[in-house]
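Single-structure report; data block below.
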Number of protein chains: 2
Amino acid sequence: MSLPHAILTALLEKPSSGLELTRRFDKSIGYFWSATHQQIYRELGRLEADGHIRALPAEQPARGQKKSYEVLPAGSAELARWTAASQDPKPHRDVLLLRLRAAAVVGTAGLADDLRRHLDLHRLQLAEYQEIEKRDFPPGRDAPQDRLRHLVLRAGIDLETFWTQWLTHALEEFAELPGSEPA
Amino acid sequence: MSLPHAILTALLEKPSSGLELTRRFDKSIGYFWSATHQQIYRELGRLEADGHIRALPAEQPARGQKKSYEVLPAGSAELARWTAASQDPKPHRDVLLLRLRAAAVVGTAGLADDLRRHLDLHRLQLAEYQEIEKRDFPPGRDAPQDRLRHLVLRAGIDLETFWTQWLTHALEEFAELPGSEPA
DNA sequence: CCCCTTTTTGCAACTAGTTGCAAAAACAGA
DNA sequence: TCTGTTTTTGCAACTAGTTGCAAAAAGGGG
């Protein structure tokens with residue numbers, strides 16, 4: 001139950017239409033909470049029905065027409081409640097690690113290529129984050145909100161750094177492995 | 001579509017009953033692919049129906065009776081196919097980072113406590129992994145399978161290390177933050 | 001043997017995310 | 001203005017994971 005809160009956060013940062021939200025989820029927010037436009041529209045409907053947000057101009061509510069939403073006090077309150085409430089960490093699921101473990105049993109054939117592909121993707125993502133950091137967090141910007149957002153971005157940067165290093169190491173190991181057979 | 005493959009991997013490592021699988025998922029495998037016993041039983045049924053696994057002794061197939069499964073050739077083949085097939089990384093979703101971002105807008109009240117709790121959990125998990133490493137991967141063990149499994153465990157260890165460091169840093173930042181209000 | 005508890009298996013309903021597709025408005029060119 | 005394309009919104013069906021609950025067998029006294 002986090003998508004509605006992701007949307008509330010985004011809308012508090014800036015009132016937006018469904019499409020604008022989708023774009024913002026593809027950019028900054030989606031880095032730690034991704035969502036498709038279908039999900040977003042569905043959730044916007046629910047949030048409006050719950051009285052957490054409302055459509056802004058909405059002269060003629062009809063299909064294909066841009067509708068912007070803003071957060072109502074009830075929505076703010078709900079977001080604050082949710083943020084403060086203690087939550088247990090969700091169990092991780094990592095397909096790549098699972099495949100590696102499977103490879104220990106059925107052989108590593110075909111895996112190295114995909115590891116390289118993932119390595120490239122992580123490098124790309126890392127570069128993108130670093131670009132954002134340079135642009136949005138120049139030294140000196142340290143209002144509380146900035147520090148928090150920077151902290152989150154740092155997590156992204158450091159995680160991508162971690163994965164590029166780990167994948168590099170994994171590929172080195174692969175190079176040393178005898179063949180592509182189980183054992 | 002990874003749970004069936006996680007189960008196949010586990011069963012290839014060692015034929016097991018549903019309950020034994022559940023226990024193993026709670027331990028090593030669940031560290032990167034968790035599953036409840038309900039999921040596991042459901043999936044065992046499907047895998048058996050698909051001819052990927054079969055029940056071992058099964059004198060009287062009935063409820064409440066231990067049933068052990070082993071992987072059939074078709075199952076092995078499917079696992080090998082899946083392992084070799086290229087897969088796009090799934091988008092991340094991290095509630096804690098989302099809450100931090102939300103806190104930049106609605107205030108940090110109540111968050112620090114939960115950060116500390118998560119820090120403790122990650123430290124605990126890290127200690128557990130390190131214990132496993134010491135037990136299962138003493139220096140010298142370097143058959144290909146061991147190297148691969150060790151690689152996976154290293155990812156777990158390094159990730160937990162990362163999170164403990166990041167959370168520690170985050171808590172330091174919190175300490176410096178003015179109050180718990182939005183801005 | 002009977003009763004009570006624990007273990008093991010499993011069904012069913014629900015929640016969240018994904019995929020495929022399409023309608024309504026807006027826009028651009030003839 | 002008509003026409004075809006693009007943008008924006010959205011429904012519906014499907015897949016995967018979660019939660020609640022319970023039945024069948026096994027095991028342990030009395």
Side-chain angles (χ1 to χ4, degrees), chain A residues 1-8 11 15-26 29-30 32-50 53-69 82 87-95 98, chain B residues 1-8 11 15-26 29-30 32-50 53-69 82 87-95 98:
Chain A
M1 264 272 296
S2 302
L3 177 58
H5 304 99
I7 293 180
L8 286 173
L11 288 181
S16 310
S17 68
L19 192 71
E20 285 161 347
L21 274 179
T22 302
R23 299 232 173 85
R24 292 171 59 200
F25 267 76
D26 285 344
I29 298 177
F32 49 92
W33 204 274
S34 72
T36 61
H37 69 101
Q38 291 93 330
Q39 267 183 291
I40 289 171
Y41 283 114
R42 196 201 305 176
E43 203 60 49
L44 282 172
R46 287 179 189 156
L47 283 167
E48 191 177 23
D50 291 350
I53 63 174
R54 73 163 177 199
L56 266 187
E59 268 97 48
Q60 320 92 308
R63 255 188 157 174
Q65 183 191 216
K66 261 197 191 176
K67 244 193 307 186
S68 268
Y69 292 91
W82 177 82
Q87 290 191 51
D88 284 331
K90 290 264 162 228
H92 336 134
R93 292 208 169 88
D94 191 303
V95 182
L98 185 55
Chain B
M1 267 272 296
S2 303
L3 177 58
H5 304 99
I7 293 180
L8 286 173
L11 286 182
S16 310
S17 68
L19 193 70
E20 285 161 347
L21 275 179
T22 302
R23 298 232 173 84
R24 293 173 58 202
F25 267 76
D26 285 344
I29 298 177
F32 50 91
W33 204 272
S34 72
T36 62
H37 69 102
Q38 291 94 331
Q39 267 183 291
I40 289 170
Y41 283 115
R42 196 199 307 176
E43 203 60 49
L44 282 173
R46 288 179 190 157
L47 284 166
E48 192 177 23
D50 291 349
I53 63 173
R54 73 163 177 198
L56 265 186
E59 267 95 49
Q60 320 92 310
R63 255 188 155 175
Q65 184 191 213
K66 261 197 193 177
K67 245 193 307 187
S68 266
Y69 293 91
W82 176 83
Q87 289 191 49
D88 284 330
K90 290 263 161 227
H92 337 133
R93 292 209 168 86
D94 191 305
V95 182
L98 185 55

Task: Interatomic distance where OH belongs to A:Y69 and P belongs to D:dT8 [whole Å] - done: 15 Å

Task: A:D94 CG - D:dG17 C1' separation (whole Å) - done: 17 Å

Task: Of A:A35 and B:G18, the one whose closest DNA chain C nucleotide lies more 5' - done: B:G18

TODO: Send over the distance from B:M1 CE to D:dC14 P, rounded to a whole Å.
DONE: 17 Å

Open item on the list: Output the rounded distance in Å from CZ (A:F25) to C1' (C:dT18).
Closed with: 16 Å

Open item on the list: Let's go through B:L19 and B:Y41 carefully: what are the C-alpha distance in whole Å and the side-chain angles of both, what is the deciding distance for side-chain contact (heavy atoms from CB on, under 4.5 Å) to 0.1 Å, and is it a yes or a no?
Closed with: CA-CA 9 Å; B:L19 193 70; B:Y41 283 115; 4.0 Å; yes

- [ ] Counting heavy atoms from C-beta on, name the nucleotide in D:dT9, D:dG17, C:dT18 closest to the side chain of A:H37.
- [x] D:dT9

TODO: Might you point out which heavy atoms bring A:I7 and A:L47 nearest each other, and give the distance in Å?
DONE: CG2-CD1, 3.8 Å

Open item on the list: By the 4.0 Å heavy-atom rule, please label B:S2 as base, sugar-phosphate, or nothing.
Closed with: nothing

Open item on the list: I need the CG-P distance between B:L19 and C:dG10, as an integer number of Å.
Closed with: 11 Å

Task: Separation of atom CH2 in A:W33 from atom P in C:dG17, rounded to whole Å - done: 6 Å

Open item on the list: Quick one, B:S68 with B:E20, criterion side-chain contact (heavy atoms from CB on, under 4.5 Å). Give me CA distance, side-chain angles, the key distance, then yes/no.
Closed with: CA-CA 9 Å; B:S68 266; B:E20 285 161 347; 4.1 Å; yes

Open item on the list: Check the phosphate of C:dG17 against A:R93, side-chain N and O only, distance under 4.0 Å to OP1 or OP2. Yes or no?
Closed with: no

Task: Short N-O contact, A:E43 and A:R46, less than 4.0 angstrom - done: yes

- [ ] Would you mind classifying the nucleic acid contact of B:S17 as base, sugar-phosphate or nothing, using non-hydrogen atoms under 4.0 angstrom?
- [x] sugar-phosphate

- [ ] Could you tell me which non-hydrogen atom of A:A35 sits nearest to which non-hydrogen atom of A:F25, and how far apart they are?
- [x] CB-CD2, 3.9 Å

TODO: Can you establish whether the number of heavy atoms outside B:R93 located under 6.0 Å from its atom CZ is more than 12?
DONE: yes

Open item on the list: Counting only heavy atoms and a strict 4.0 angstrom limit, can you tell me which residues of residues 39-50 of chain B come near DNA chain D?
Closed with: B:Q39, B:R42

TODO: Starting at atom NZ of B:K90, determine the distance to atom P of C:dA16, rounded to an integer number of angstrom.
DONE: 18 Å

Task: Distance-minimising heavy-atom pair for B:V95 and A:Q87 - done: CG1-OE1, 3.4 Å

TODO: Round to the nearest Å and state the distance from B:L21 atom CG to C:dT9 atom P.
DONE: 9 Å

TODO: Would you state whether a donor and an acceptor, one from the side chain of B:Q38 and one from the base of D:dG20, lie under 3.5 Å apart?
DONE: yes

